[in-house]
Amino acid sequence: MRLETNNSGNLSDAASSGVLADRRIVLGITGSIAAYKSASIASSLVKLGAQVNVGMTDNATRFIGSATLAGITHNPVVTSLWDGNSDLGIDHVSLGVNAECILIAPATANTIAKLATGVTDDVITATVAASSAPLVVAPAMDADMFRSHALQRNLDTIKGDGARIIGPETGRLASGIDGLGRMSEPDDIVDSVRAVLGVRYGDYSGLRVAVTAGGTREPLDPVRVITNRSSGKMGYSIAEAARDRGADVTLITAPTALRKPGSVRMISVETVDEMRDATLPAAMQSELLIMAAAISDFKPRHLSGQKIKKNADEVLSLELESVEDWMPLATGPKLVKVAFAAETGDAAKKAITKTGRKGAAFTVANDVSEPGSGFGTDTNRVDLIDAEGNIESLPLLSKYEVANAILDRARAYR
C-alpha cells in the first residue's frame with residue numbers, strides 16, 4: 001500500500017520546522033572585542049525564525065553599535081537599566097520574564113563574576129536574575145584571564161546553577177598571542193542554543209540517538225581508496241534535527257567536507273570495519289539508530305602495502321569481495337532501527353525487502369538518479385517502507401525536513 005503525503009515541499013528548512021521558530025531569545029553582549037561576532041549570531045538566530053531581543057552593557061557599545069543589532073533584529077536594543085521600551089516600563093524585567101533562552105556572547109570575565117555572585121548592576125545580569133529561562137554563556141577573554149583560579153571558580157559556580165558553557169576555543173587573541181580564550185564561532189554558539197531549547201521543548205528530550213553518515217572508504221593501497229558519492233548531508237541533517245528535538249546525539253561519520261554540527265558527539269571513522277566497531281557499541285546505548293551512511297558493498301580482497309604503479313601498457317584488474325551486512329547485529333534493550341537504501345530506478349520496489357532483513361522498523365529509500373535527490377544535494381525525495389511493505393511517499397523536501405519526517409515516523413515505534 002502506498003500513501004502519498006500531502007506536504008507543501010517548501011524549502012524553508014530549519015527556519016520553519018526547527019526548534020528556534022518563534023522562540024524568544026535574549027542575546028546579551030558584553031565588553032569584549034569578540035562583540036563584532038554578535039551581529040552574525042543575531043542574524044543567524046533571526047534567519048532561523050527566532051524573535052531576538054538584544055541587551056548590551058555600556059562597554060559592549062564601545063565595540064559594536066546598538067543600531068547594527070536593532071537593524072538585524074527589528075527590535076529596540078536595551079543598553080541601560082533605565083530604558084523603558086516595554087509595556088512594563090522596566091526592560092530588563094520584561095526581557096527576563098518573556099525569554100525562552102538567554103545567550104550571553106561574548107561573556108567577559110567581569111560578567112561571569114557578576115553572574116556567579118548575584119550582582120545585577122547592568123542590563124545583562126539584571127535580565128538573567130529576572131528570568132527562569134535556560135542560560136547559555138560563551139566566554140571570551142585573554143588566555144591568562146581564562147586560566148585564572150577566580151574565573152574557573154566562577155565558571156564552575158554558574159555551571160552548577162544550570163548555565164551551559166560553550167567554548168572558548170584556542171586561537172589568536174586580541175592581545176596578539178595564541179591561546180585558550182577565543183570565543184567560539186557563531187555557528188557553534190547558535191547550535192548550542194538550539195540544543196538547549198531542544199532539551200527543554202523537544203519530543204526527543206532524554207532519548208539517545210545514534211546516526212551514521214557519509215561514505216565509507218576502503219583502501220587499495222596507501223594512496224588510493226574505493227568509495228562512493230555520499231556527501232554526508234542527509235546523515236548530518238538527521239543529527240541536527242535530532243539534536244534540535246532534544247536528543248543526546250552520537251554522529252558516527254565517514255570523511256565529509258561538512259561542518260561538524262555543534263552540541264553533537266562525533267566519532268570519525270573511515271572503513272566499513274571502523275564504522276561497525278563504532279556503531280555497534282553506540283547502538284547498545286541508544287534508543288534510536290538511523291543508518292544513513294552509504295556503507296561500501298565491496299572492498300578490495302588484497303591491500304597493497306605500496307602504491308600501485310601505473311603501467312601504460314597494462315590493464316589493472318581489481319578483485320573485490322562483498323562486505324558483511326552487520327546492521328542486523330546492532331541491538332540494544334530499547335533500540336529502534338531505521339535503514340537507508342540508495343537506489344537507481346524504482347527505489348521503493350528494490351528496497352522493500354531490506355526492512356525485515358536488517359531488523360529495521362522501516363527503510364528510507366531514495367532514487368539517487370532523480371533530479372534534486374540523493375548524493376550532494378540539499379534536497380531529497382524518499383519513500384518510507386515498513387516491514388509489511390507499506391510505502392509512504394514524501395515529496396521533494398529539504399534534507400532537514402526529511403530528517404524530521406524520519407524522526408516523526410520513528411516516534412511511532414517507541
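Note that the structure is a prediction, hence the values are computed from the model and not measured.
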Electrostatic pair [X]-[Y], nearest N-O below 4.0 angstrom:
X	Y	value
D188	K260	no
D386	R409	no
D273	R276	yes
E321	R301	yes
K233	D378	yes
K307	D221	no
R147	D144	yes

Is a side-chain N or O of [X] found less than 3.5 angstrom from the main chain of [Y], in a donor-acceptor match?
X	Y	result
T216	S296	yes
T108	G31	no
R217	E270	no
D178	R172	yes
S43	A39	no
K159	I165	no
R208	Q285	yes
S205	V199	yes
T212	A292	yes
K337	A330	yes

Can you see which heavy atom on [X] is nearest to which on [Y], and at what distance?
X	Y	value
S263	D191	OG-O, 3.9 Å
A365	I385	CB-CD1, 3.9 Å
A107	I112	O-CD1, 4.0 Å
A105	A138	CB-CB, 3.8 Å
D22	E100	O-OE1, 3.9 Å
I166	P139	O-CD, 3.4 Å

Among residues at least two apart in sequence or on other chains, which ones pass side chain to side chain donor-acceptor pair (under 3.5 Å) with K299?
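K299: no side chain to side chain donor-acceptor pair (under 3.5 Å) contacts found.
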Contact check, side chains of [X] and [Y], non-hydrogen atoms, under 4.5 Å:
X	Y	value
T170	L180	yes
F146	L155	yes
R229	V368	no
V190	I41	yes
E287	Y204	no
T125	V119	no
Y236	T253	yes
T73	N53	no

Evaluate the side chain to side chain contact (heavy atoms under 4.5 Å, CB included) criterion for residues C101 and R23: first the C-alpha distance (whole Å), next the side-chain angles of each, then the deciding distance (0.1 Å), finally the verdict.
CA-CA 8 Å; C101 181; R23 293 297 180 192; over 6 Å; no
Interatomic spacing from [atom1] in [X] to [atom2] in [Y] - rounded to 0.5 Å:
X	Y	atom1	atom2	value
I33	L173	CD1	CG	12.0 Å
M183	S38	CE	OG	5.0 Å
N366	F375	CG	CZ	7.5 Å
L407	R245	CG	CZ	5.0 Å
I290	I238	CD1	CD1	5.0 Å
D367	D383	CG	CG	9.0 Å

R259, CZ: over 12 other non-hydrogen atoms inside 6.0 angstrom:
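Yes, CZ of R259 has more than 12 neighbouring heavy atoms, counting only those of other groups under 6.0 Å.
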Side chain to side chain contact (heavy atoms under 4.5 Å, CB included), that's the test. Do L384 and V364 meet it? Break it down for me.
CA-CA 5 Å; L384 309 182; V364 182; 3.8 Å; yes
Please collect all side chain to side chain donor-acceptor pair (under 3.5 Å) contacts where either partner lies in residues 60-69, sequence neighbours excluded, each pair once.
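Not a single pair qualifies under side chain to side chain donor-acceptor pair (under 3.5 Å).
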Residues M327, R357; criterion side chain to side chain contact (heavy atoms under 4.5 Å, CB included); working and verdict:
CA-CA 9 Å; M327 186 174 175; R357 188 171 75 247; over 6 Å; no
Do T271 and E218 pair up side chain to side chain, a donor and an acceptor below 3.5 Å, judged on atom types alone?
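Per modelled atom types, T271 and E218 side chains form no pair under 3.5 Å.
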Step-by-step side-chain hydrogen bond (donor to acceptor under 3.5 Å, both in side chains) determination, D142 to S175:
CA-CA 7 Å; D142 194 70; S175 61; 2.6 Å; yes
Derivation of the side chain to side chain contact (heavy atoms under 4.5 Å, CB included) call for T377 and K399
CA-CA 8 Å; T377 65; K399 287 186 173 176; 3.7 Å; yes
